[in-house]
2 protein chains.
Amino acid sequence: MKDATQLRSGRRPGETTTRAQILEAARAAFGRESYEGATIRSIASAAGVDPALVIHFFKSKAGLFEAAMELPFVPAEVFPALIRGEAEEMGERFVRFYLQTWDVQPARERMLGLIRSAVSEEAAATTLRGYLVEEVFAPLASLLRLPSPELRAALVASQLIGLAFARYVLRVDQLVAASSEDLVALVGPAIQRYLSPDLPGAAGVKP
Amino acid sequence: MKDATQLRSGRRPGETTTRAQILEAARAAFGRESYEGATIRSIASAAGVDPALVIHFFKSKAGLFEAAMELPFVPAEVFPALIRGEAEEMGERFVRFYLQTWDVQPARERMLGLIRSAVSEEAAATTLRGYLVEEVFAPLASLLRLPSPELRAALVASQLIGLAFARYVLRVDQLVAASSEDLVALVGPAIQRYLSPDLPGAAGVKP
C-alpha cells in the first residue's frame with residue numbers, strides 16, 4: 001500500500017519505514033549526545049541499518065539533523081545567496097530570509113521546539129550549539145572575508161534568536177504588529193554592523 | 001527561634017513565615033495567570049492575609065514579582081542612571097549593567113528560570129511579557145523622549161535576551177570567551193542605535 005508521500009517521492013515501500021527509523025534514532029541521539037558525539041555510524045547502528053544508507057538518504061550529518069528537526073532550509077546552502085549582492089544590504093537580506101523561515105509552519109513549531117529543548121536540557125543546548133557552530137557559524141565564517149568571523153556569526157545569531165524569542169515566544173505587541181519589512185529595516189542594520197569590516201571591539205576577542 | 005535572616009532584617013518571628021506564604025502564593029499566581037490578572041488582592045487572598053500587608057512587605061506588584069522571582073534589581077529604578085550621562089554611551093551602559101546582573105548568582109539561575117518557563121508554558125510567557133511591558137518597557141519608554149519608545153524598548157530587549165541566550169544557554173565559545181567589556185563594545189552600539197532619534201523603520205510601526 002503506497003501513500004501519497006511515497007508516490008510523490010518515488011520511494012519504494014519499506015524505504016519510508018527505514019527512513020523513519022533512522023530519523024527516530026537520530027532524534028534520540030541528538031537529544032542525548034552532543035552534536036559532535038552523535039555520529040552517523042552510531043545512529044545507523046541504533047536504527048539497525050548500514051551507515052551508507054544514512055548517507056544515501058540524508059547526504060551528511062547536517063542533512064540528517066535538519067531532516068530530524070524538520071528544518072525548512074539548509075543554512076549553509078542559503079548563505080552564498082545572502083552574501084552575494086549589494087554589500088550594504090547584507091544585514092537586511094539575513095533578517096528577511098530569517099523571518100521568512102519563521103513565518104511558515106511547521107518550521108516555526110520545530111524551531112520553537114529547538115529553543116525550548118535547549119533552554120530546559122543541557123544535552124539539547126549542547127546539540128544546538130554544536131549544530132550552530134559546525135553547520136551555521138563555520139560555513140558563514142568561511143564565506144565572510146573578515147576578521148573574527150565566528151564571533152560575528154555568534155553576534156548575528158544572538159540578535160536573530162532574541163528577535164524570535166521576543167516576537168514568537170513572548171509575543172511583544174510592537175514586534176508582532178511590525179511587518180517583516182519593518183523588522184528588516186529596524187534590525188537589518190544591527191546585523192549589517194556585526195558583518196562590517198570595522199566592527200569595534202572584535203579585535204580584542206580571541207578568534 | 002530566630003534565624004540569621006530575621007536577626008539581620010529585624011523581622012519579627014512570624015513575619016518571615018507570612019512573607020514566605022505571600023511569595024509562594026505570588027509564584028503560583030504569576031505562573032497561572034497573566035501579569036495583569038494576578039492582582040495583589042487575589043494573591044493576598046490566596047495567602048490568607050490582608051492586601052495592605054502585601055503592600056507593606058513589597059510596596060507594589062512589581063516589587064512582589066521581583067521578590068518572588070528573586071530578581072537582583074528593579075529595572076525602573078536603574079533606568080534613570082543608565083539614561084543620564086553621555087548620550088552616545090547609553091547603549092554601552094545598558095549592556096554593562098545587563099551583563100553585571102547576569103554575572104552574579106542566584107540572579108542568573110532565576111533569569112534562566114524565567115526564560116525556561118516562558119518558552120515551555122504559555123502562561124509563563126504571558127506573565128513575563130506583562131512584566132516586561134508594564135515594569136520594564138513602559139518606565140523606559142516614559143524616560144526616552146523619542147518616537148515609538150515601546151518599540152525601541154522591545155528591540156533593545158530582543159538583542160539583550162538573545163545575547164543572554166547565546167552566552168548563558170547555548171554557551172557559544174566566542175561569547176563566553178569575550179569579556180563583559182568586549183561585549184559592551186560589540187553590542188553597545190546596537191542598543192545605542194535602537195535608542196537613537198533617527199531609527200530608520202520606526203515610523204512605519206504603530207506606536
Side-chain angles (χ1 to χ4, degrees), chain A residues 112-113 115-120 122 125-126 128-130 132-133 137 148-155 157-179 181-191 193-194 199-207, chain B residues 112-113 115-120 122 125-126 128-130 132-133 137 148-155 157-179 181-191 193-194 199-207:
Chain A
L112 282 176
I115 292 179
R116 199 172 285 135
S117 309
V119 100
S120 55
E122 184 71 32
T126 307
L128 180 55
R129 182 185 58 231
L132 286 175
V133 168
F137 300 173
S148 311
E150 291 90 356
L151 174 67
R152 291 161 185 277
L155 289 166
S158 79
Q159 172 63 87
L160 294 181
I161 292 173
L163 180 61
F165 191 88
R167 196 180 198 214
Y168 303 111
V169 175
L170 294 181
R171 302 206 188 109
V172 175
D173 284 348
Q174 283 78 14
L175 299 180
V176 173
S179 69
E181 281 306 307
D182 290 333
L183 292 172
V184 165
L186 288 163
V187 179
I191 304 302
R193 187 178 149 272
Y194 291 139
L199 178 65
V205 183
K206 79 172 164 74
Chain B
L112 281 177
I115 292 179
R116 201 172 283 136
S117 310
V119 100
S120 56
E122 183 71 32
T126 307
L128 181 54
R129 181 185 57 231
L132 286 174
V133 168
F137 299 173
S148 312
E150 292 90 356
L151 174 66
R152 291 161 186 278
L155 289 166
S158 79
Q159 172 62 87
L160 294 181
I161 292 173
L163 180 61
F165 191 88
R167 196 180 198 214
Y168 303 112
V169 176
L170 293 182
R171 301 205 190 110
V172 174
D173 284 348
Q174 283 78 13
L175 299 180
V176 173
S179 70
E181 282 306 307
D182 290 334
L183 292 172
V184 165
L186 288 164
V187 179
I191 304 302
R193 186 178 150 272
Y194 291 139
L199 178 64
V205 182
K206 79 174 166 72

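Here is the naming used below: chain letters follow the sequence lines, and residue numbers restart at 1 for every chain.
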With chain B, which of A:G162, A:A190, A:A164, A:S158 has the greatest number of heavy-atom pairs at distances under 4.5 Å?
A:S158

With sequence neighbours left out, write down each residue that passes side chain to side chain contact (heavy atoms under 4.5 Å, CB included) with B:T126, or none if nothing qualifies.
B:S34, B:E122, B:R129

Heavy-atom distance under 4.5 Å to chain A: side chain of B:R116, backbone, both or neither?
both

Mind running side chain to side chain contact (heavy atoms under 4.5 Å, CB included) on A:L112 and B:V119 for me, showing each step along the way?
CA-CA 8 Å; A:L112 282 176; B:V119 100; 5.6 Å; no

Mind running side chain to side chain contact (heavy atoms under 4.5 Å, CB included) on B:D182 and A:L151 for me, showing each step along the way?
CA-CA 11 Å; B:D182 290 334; A:L151 174 67; over 6 Å; no

Heavy-atom contact with chain A under 4.5 Å, split by part of B:V187
both

Checking heavy atoms, do the side chain of B:L160, its backbone, both or neither come under 4.5 Å from chain A?
neither

Minimal heavy-atom distance between B:R193 and A:A185, with the atoms involved, is NH2-O, 3.4 Å

Pick one of side chain, backbone, both or neither for A:L132, based on which atoms fall under 4.5 Å of a heavy atom in chain B.
side chain

If I compare all heavy atoms of A:L186 with all of B:Y194, which pair ends up nearest, and what's the gap?
O-CE2, 3.4 Å

Which answer fits B:A125, side chain, backbone, both or neither, if we ask what part of it has an atom under 4.5 Å from a heavy atom of chain A?
both

Between atom CG of B:L163 and atom CG of A:L155, what is the distance when rounded to the nearest 0.5 Å?
7.5 Å

Any chance you could lay out the side chain to side chain contact (heavy atoms under 4.5 Å, CB included) test for A:D173 and B:V133, step after step, and finish with the verdict?
CA-CA 9 Å; A:D173 284 348; B:V133 168; over 6 Å; no

Given that the side chain runs from C-beta out, which part of B:A157 has a heavy atom under 4.5 Å from chain A: side chain, backbone, both or neither?
neither

What part of B:Y168 gets closer than 4.5 Å to chain A, counting heavy atoms only: side chain, backbone, both or neither?
neither

Per-residue tally against chain A (heavy atom, under 4.5 Å) across B:V184, B:L128, B:V169, B:L183 peaks at B:V169

Contact leader toward chain A among B:A118, B:A153, B:P189, B:G113, where contacts are heavy-atom pairs under 4.5 Å
B:P189

Checked B:Q159, B:R167, B:R171 vs chain A; the most non-hydrogen pairs under 4.5 Å come from B:Q159

